[in-house]
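Note on naming: letters A, B, ... go to the chains in the order of the sequence lines (proteins, then strands), and numbering restarts at 1 for each one.
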Amino acid sequence: MSESLKIYNTLTREKEIFKPLAPPHVGLYVCGPTVYGYVHLGNCRTFTSFDIVYRYLNHLGYKVRYVRNITDVGHLTGDTDDGEDKIAKKARLENLEPMEIVQRYTVDFHTVMKKLNNFEPSIEPTATGHLLEQMALVKEIIAEGFGYESNGSVYFDVKKYNEKYQYGKLSGRVLEELLASTERENLRRELQGQEEKRSQEDFALWKKAEPQHIMQWESPWGMGFPGWHLECSAMSTKYLGKKFDIHGGGLDLKFPHHECEIAQSVGSTGEEPANYWMHANMLTINGQKMSKSLNNSILPVELFAGKHPLLEEAYSPMTLRFCMLQTHYRSTMDLSNDSLKASRKGYKKVINGLRIAKQLVYPETAENQIDSKQIEQIDLIISQLYEGMNDDFNTAKTLAALFELLKKINSLESGQIQAENLGKECFDNLIKTYIVFVEEILGLFEEEPADQKRLVESLMQIYKEAKQHKNYSQVDQIRANLKNLGIVVKDMKHKIDWAYEE
RNA sequence: GGUCACGUGGCCGAGAGGCUAGGCUGAGCUCUGCAAAAGCUCCUACAGCAGUUCGAAUCUGCUCGUGACCUCCA
């Protein structure tokens with residue numbers, strides 16, 4: 001199976017057969033969030049996309065080292081390099097230590113990831129935890145002649161880099177055109193403070209900090225902080241080596257972030273950092289990209305609680321995950337009440353099937369009357385499941401096949417297909433494949449019903465009626481059943497209520 | 001303005017020169033004490049115009065529309 005996995009490589013703009021550098025090991029680096037605010041649904045989509053990549057590679061038997069960073073310094077606000085650090089700004093606004101900000105939003109990020117059933121990465125390094133590595137990288141870049149110091153800051157010399165290598169190959173940009181375009185932009189905005197740079201396209205490797213700046217460290221170039229693009233280069237190199245297999249991130253990071261990463265790596269080591277570049281497409285809301293800067297973000301908590309003007313009701317984490325899986329990661333995904341409702345139904349259908357699959361037993365004593373046509377169909381569906389995933393992690397395709405497999409499972413349950421007609425081998429394969437794809441590869445699990453309380457309430461209603469009719473055997477039965485669920489009936493003089501068993 | 005995507009049935013969404021997913025919705029049938037669930041069947045689409053081809057939703061060109069990136073974003 002592993003030979004046929006194809007990955008769309010942004011670098012070549014083609015689907016390529018995946019060949020790891022050192023099988024069975026695979027190095028996967030994904031650009032993580034800047035933790036200056038709550039993660040929004042758009043962020044979640046990217047990380048869920050790469051969770052699928054991670055899961056499937058694991059399923060294929062690869063030993064994956066999945067590195068996903070936390071950006072906790074260096075990411076500037078505003079249009080220019082003069083912008084304030086995002087973390088520092090938030091800290092100032094909320095009158096907190098920068099690391100309190102980082103902690104708060106990192107915890108939120110992890111909580112949401114967990115709800116969506118995304119695996120934790122193997123390593124989750126932070127920028128502030130790798131300042132030495134970043135400074136070392138700056139030194140290397142300077143030594144190679146691609147970095148220069150200017151007034152306490154260090155910049156990457158894009159023009160010089162472009163003489164030897166090609167800047168912009170990932171995003172398909174030509175430096176001259178970029179320069180023309182930024183010059184025009186700059187004119188329009190009358191940007192100032194760019195005179196430190198030799199060229200507009202140069203980007204900061206290290207920024208000098210003003211005395212009042214609350215996040216700064218000592219460096220060979222004075223007090224300052226690292227540039228945003230630097231951490232990813234430093235940390236991917238540290239944990240995955242100069243060259244590794246897959247580098248991923250959101251499409252909006254393609255330029256300039258990933259382009260700069262490539263320049264930093266090539267500029268310091270002469271080697272391209274990653275073989276395969278993968279980009280997850282944007283999530284839109286009413287046809288517009290969901291982004292913090294556009295102020296149209298819906299937070300996961302808002303979605304799960306149904307508390308947002310755009311939401312008609314609450315949608316569970318698994319509903320959201322299912323919804324994401326129904327769209328290929330390279331397509332934009334538009335979020336709407338209709339699509340979420342449809343996803344909820346689809347998700348529940350899949351989970352009902354999971355329950356059935358786990359309950360079905362092959363009748364050992366039965367006589368076999370093999371239905372080869374049925375077996376053929378099931379084998380075909382199973383191969384389609386893999387075809388979908390092998391085709392650049394096309395979960396939408398896989399899901400289509402999964403529903404076909406589900407029909408077989410439902411037919412087995414209703415007796416429209418007899419298990420013994422499939423033979424033990426086919427039956428086992430059918431059940432196992434379904435469970436593996438749902439739980440292990442797609443990462444869907446059975447959610448506790450959100451309205452469990454209402455279930456209890458309705459049971460309590462029956463209890464009360466039974467009590468009134470003095471149907472005590474039923475009363476005792478309900479009481480015992482609820483106790484098994486950790487709920488005790490509080491049968492008091494004035495009213496009947498329930499409580500969690502203590 | 002430059003660069004790059006995309007436009008698929010009532011809705012969401014795969015696909016990618018002939019085999020024309022899947023989910024949701026709607027209609028019908030089977031099963032069923034009723035209902036539900038499940039299974040089966042149906043409604044069968046590819047923005048518009050022109051071209052290439054025996055054949056195009058799929059390739060080419062143009063037009064219209066939408067979005068992304070070019071500036072912080074996953």
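Atom name C1', nucleotides B:U52 and B:C62: the rounded distance is 15 Å, in whole Å. Spacing between B:C46 and B:C11 at atom P, rounded to whole Å, works out to 13 Å.
The aromatic rings of A:Tyr386 and A:Tyr56 sit tilted, their planes meeting at an angle between 30° and 60°.
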Completion exercise
In 5'-to-3' order, the base (B), backbone-only (S) or no-contact (-) status of each nucleotide in nucleotides 18-39 of chain B, using a 4.0 angstrom heavy-atom cut-off, is ---BSSSS------------SS

Distances under 3.5 Å only, N/O to N/O: pair up the protein atoms with those of nucleotides 4-9 of chain B.
none

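Side-chain atoms of A:Tyr239 and A:Tyr66, non-hydrogen and from C-beta on, never get closer than 4.5 Å to each other. The shortest distance between side-chain heavy atoms of A:Tyr54 and A:Asn118 does not fall below 4.5 Å.
Among residue pairs with one or both ends in residues 274-283 of chain A, none qualify as side chain to side chain donor-acceptor pair (under 3.5 Å); sequence neighbours excluded.
Of the residues near RNA chain B, A:Asp252 and A:Asp334, the one whose nearest nucleotide (by heavy atom distance) lies more toward the 5' end is A:Asp334.
Residues satisfying the side chain to side chain contact (heavy atoms under 4.5 Å, CB included) criterion with A:Glu404, sequence neighbours excluded, are A:Ile381, A:Lys407. Listed by chain and number, the residues in a side chain to side chain contact (heavy atoms under 4.5 Å, CB included) with A:Arg330 are A:Tyr8, A:Lys15, A:His328, A:Asp392 (sequence neighbours excluded).
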Practice task
Show your reasoning for whether side-chain hydrogen bond (donor to acceptor under 3.5 Å, both in side chains) applies to A:Glu447 and A:Ser316.
Solution key: CA-CA 8 Å; A:Glu447 276 175 338; A:Ser316 75; 2.6 Å; yes

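Among the atoms of the strands shown, only primed sugar atoms or phosphate atoms (P, OP1, OP2) are found under 4.0 Å from some heavy atom of A:Gly32.
Remark: RNA chain B forms stems of 3 or more consecutive Watson-Crick or G-U wobble pairs, all pair distances under 3.5 Å, at B:1-7 with B:64-70, B:10-12 with B:22-24, B:26-30 with B:38-42, B:47-51 with B:59-63.
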